[in-house]
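Working notes, beginning with the structure itself.
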Number of protein chains: 4
Amino acid sequence: MKRFMRMSSQKSTTDATPATAVPIAPSTAAPKMPSRERGRARVAALLAAASAVFAEKGYDAATMTEIAARAGAPIGSLYQFFPTKAVLADALLTQYADALVALLIDLESRAAALSPDALAAALLAVLPSLRVERAAAFALIDARPDMVAQQGQLRARLRQAIAAVLRAKSPTLPAERAAAMAVTLLQMMKGAAALGDEPDLAQGHEAQAGLVHAAGLFIADALA
Amino acid sequence: MKRFMRMSSQKSTTDATPATAVPIAPSTAAPKMPSRERGRARVAALLAAASAVFAEKGYDAATMTEIAARAGAPIGSLYQFFPTKAVLADALLTQYADALVALLIDLESRAAALSPDALAAALLAVLPSLRVERAAAFALIDARPDMVAQQGQLRARLRQAIAAVLRAKSPTLPAERAAAMAVTLLQMMKGAAALGDEPDLAQGHEAQAGLVHAAGLFIADALA
Amino acid sequence: MKRFMRMSSQKSTTDATPATAVPIAPSTAAPKMPSRERGRARVAALLAAASAVFAEKGYDAATMTEIAARAGAPIGSLYQFFPTKAVLADALLTQYADALVALLIDLESRAAALSPDALAAALLAVLPSLRVERAAAFALIDARPDMVAQQGQLRARLRQAIAAVLRAKSPTLPAERAAAMAVTLLQMMKGAAALGDEPDLAQGHEAQAGLVHAAGLFIADALA
Amino acid sequence: MKRFMRMSSQKSTTDATPATAVPIAPSTAAPKMPSRERGRARVAALLAAASAVFAEKGYDAATMTEIAARAGAPIGSLYQFFPTKAVLADALLTQYADALVALLIDLESRAAALSPDALAAALLAVLPSLRVERAAAFALIDARPDMVAQQGQLRARLRQAIAAVLRAKSPTLPAERAAAMAVTLLQMMKGAAALGDEPDLAQGHEAQAGLVHAAGLFIADALA
DNA sequence: TATGAATGAGCATTCATTCAT
DNA sequence: AATGAATGAATGCTCATTCAT
């Protein structure tokens, strides 16, 4: 039943960056962003609930009904903003990518002043800082073979941001080289995050330190 | 996708791994394979089919009916060997762990003779060698938060095997240290596998080499 | 698609035909059409949109939202004029009957001068002349067994008008006889319309001519 | 969730014509025909229930749940045999067409011995003889713009069968001419059926007789 | 013992209608 | 008065699991 979507009365009154900057082309449709306060709060609550439920149950096992209920919203409301489950997942993934990129951009401005080891430590600290969101994002990515596109975009954005950090640290680093290093480092960042999710692991701290150490060696070696 | 359970005797999800313990039983001629042999072949076919379907669709989207069909087996037969979907998933995970551990035990016997770099390369080559099985295993682990126990066991077995490899290389390495390093290295192995799954990535090879390089540096540094 | 009704004052589905009774109201200039004039235009647009959407999708599949959207009207406005979907359907049906009756009244004034064959041709040409409206009307009638009342009224009005045409042609025809003939002829008119809706039918033209011929024979025979 | 469909063990034991010969290409999939008694009875009950509910409510307003309930079957059972609502509708339509064609084939064998008037009467009696089925079939055809293909097939089969009747009556009639006449006559048959559905119409009988009379004139005229 | 038809709770999604703004 | 976001019952359909044969 075709759902039409207006560009809706873009009033520039209090129009700062919306709580969640969901960009261009998700799965099929775009989440409809509310123009007024109530909707804003509701969308935030829905996204938070979705994040929690996806993280807890995984994409398939999560039900739209539970997400709505946990946000204290009627199911129709959830569908008003996110016309399908897939769109909701997309919005969440995009939100997560936005947050990560923001952290990396911040790191970019501080990179020049950091030692290789400190830079490694800072990078590997990025992913663990958004626990629930990451768990949700990973649940989405891994459970949905049809999500590969989003997954690819997310990775591409992160790699680009990491490469930018590296070049801020060492402006003479060739772009190609920075890109390849970013790919390597992103995997190590994921590893660190995974360890952060396993808190009762005996050797957890030491292992995380090991990963940071390896990353430090890798960066130092590359910049030498 | 919560689904109620009709009077099912709901066995703990952790037992029943029929795939792993069936011993080798010779047969006389051919026409009517003794049921032991027949069963072995059927279980193997079912597990292979399950692996493929889980890898393709993820745990929830995979249906028992499709798995049975792809194995050329009637659904009743599938349930004869694997009384629930969860048991089937468990069996798959255990089978995967068995295969990985076997590879690591093999490596353990060769470790002493390898340079740190060669050892790193050998380790990071383990996970990528079982593509479909790994994809299936990841689909199971990531889509099912209630599978955390299995996940933990799998990781524990792998870490132990990796630690054994390290101590085969350097018998004086303290057990604690080896254990921590194993944790670190397992993350890097996962990273390498992940890159292996993204074959059209421009910097893929270089990045994988970077990961091997970092692991080599890490091992050399630790053994120094 | 049973749908419950929230506290609605559930008016009989047979009243409320706002489209048909709005008299002609002149306006002064242009910029701000007096609301009477505005309302007339809006109602016309809504009915046209409804007609198109009902014809395309059928009664149930048509949504009030799409109808409003296609008329360029807000949904609230649609409900201002037509308090329920059923009322909208009624209005459409009534409008269609009005249009048909007008055509038949016109024919009535010309009937005396026509030969039986010409009269048959003229009658069978009435229904095909309002394609979209007819499609919409049929969609409404056929999809809604609870619309039987409307359906009956529509038929009754048409039969009366057809009988009037017959008696204009042959004033001595007994009323009873004219009524029965009208029933017969209305069925043949429907048949002709149905053929008109199937334009890529090989024998379409010949068949339509056949229907006209049969109707001509029937009329001539009756008036003899 | 792809539903695979076996050609299932075509045992030729008691394999007479299945209760409902659902032929080649319906909407998307084919109804799965049961091989044994119980299923046979259940399918018949489901089709009867579907026929009644579609006739009463129309296609959209009919719910699968009600159809199953009225057949005394659980919803899952309904879906076992008819994987979608559309397939169920198709099966019904096909069943209806089969029944009508059978009646016409019977008429074909008697046609030569009938007068034009008697033939007309026999033809116009065909449709009214399957009241509920016809109501259901019309509800399906009229409410579903996407059913046009089935609709066309049904009409084509009927027209062919009618043409065969005409040529049985008058073997010298050119095929083309018979085809065109069949189109015309089918419309008159529909008209007669429609009148049969309106039993409390004062002039009903006379009007139906009028239709038969017109058809008789038409046939006699054509065969002259 | 082996088979696969049967079961029914649960899921994603829709849309007529209301009413706060 | 005019608007369109909010609401939630109802729908078509799925599939793990059972059990009669």
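Below, read A as the first sequence line, B as the second, and so on, with proteins coming before strands; counting in each chain starts at 1. No experiment lies behind these values; they were computed from the predicted model shown.
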In this structure, how many angstroms lie between the [atom2] atom of [N] and the [atom1] atom of [X], rounded?
| X | N | atom1 | atom2 | answer |
| --- | --- | --- | --- | --- |
| F81(D) | dG12(F) | CZ | P | 19 Å |
| D60(A) | dT14(F) | CG | P | 15 Å |
| Y79(C) | dA6(F) | OH | P | 18 Å |
| M64(B) | dA6(E) | CE | C1' | 17 Å |
| L88(D) | dC13(F) | CG | P | 10 Å |
| E66(D) | dG12(F) | CD | C1' | 15 Å |
| R42(D) | dA5(E) | CZ | C1' | 10 Å |
| Y59(B) | dA16(F) | OH | P | 8 Å |

If you check the [X] side chain, which of [options] turns out closest?
| X | options | answer |
| --- | --- | --- |
| T63(D) | dT13(E), dA6(E), dT11(F) | dT11(F) |
| P74(C) | dA16(F), dG4(F), dA16(E) | dG4(F) |
| S77(A) | dT7(F), dT17(F), dC13(F) | dT7(F) |
| K85(B) | dT17(F), dG12(F), dA16(E) | dT17(F) |
| I75(B) | dT17(E), dT17(F), dA6(E) | dT17(F) |

Taking the side chain as C-beta and beyond, is there a heavy-atom pair between L46(A) and L88(A) under 4.5 Å?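 Side chain of L46(A) against side chain of L88(A), heavy atoms only: no contact under 4.5 Å found.
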Between Q80(B) and G76(A), just flag the one whose closest nucleotide in DNA chain E comes earlier from the 5' side.
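On the 5' side of the pair lies Q80(B).
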- Sort out the partner of dG4(E) for me: Watson-Crick or G-U wobble, both distances under 3.5 Å, none otherwise.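 Partner of dG4(E): dC19(F).
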- Which base sits across from dC13(F) as a Watson-Crick or G-U pair, both distances under 3.5 Å?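 Check on dC13(F): paired to dG10(E), both distances under 3.5 Å.
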For the pair T94(D) (side chain) and D90(D) (backbone), establish whether a donor and an acceptor sit closer than 3.5 Å, ignoring hydrogens and angles.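 Yes, the answer is positive, given that a donor and an acceptor are paired below the 3.5 Å cut-off.
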- Task: Could you tell me whether a side-chain N or O of K57(B) sits under 3.5 Å from a main-chain N or O of T63(B), the two making a donor and an acceptor?
- Result: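 Such a contact is absent between K57(B) side chain and T63(B) backbone.
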Note to self: Checking R42(C) now: which residues fulfil side chain to side chain donor-acceptor pair (under 3.5 Å) with it, not counting sequence neighbours?
What the structure shows: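 For R42(C), the residues satisfying side chain to side chain donor-acceptor pair (under 3.5 Å) (neighbours in sequence not counted) are S77(C).
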- prompt: Is it true that the NZ or CZ of K85(C) lies under 6.0 Å from the centre of Y79(C)'s six-membered ring and within 45 degrees of the ring axis?
  reply: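 Here K85(C) fails the 6.0 Å and 45° test against Y79(C).
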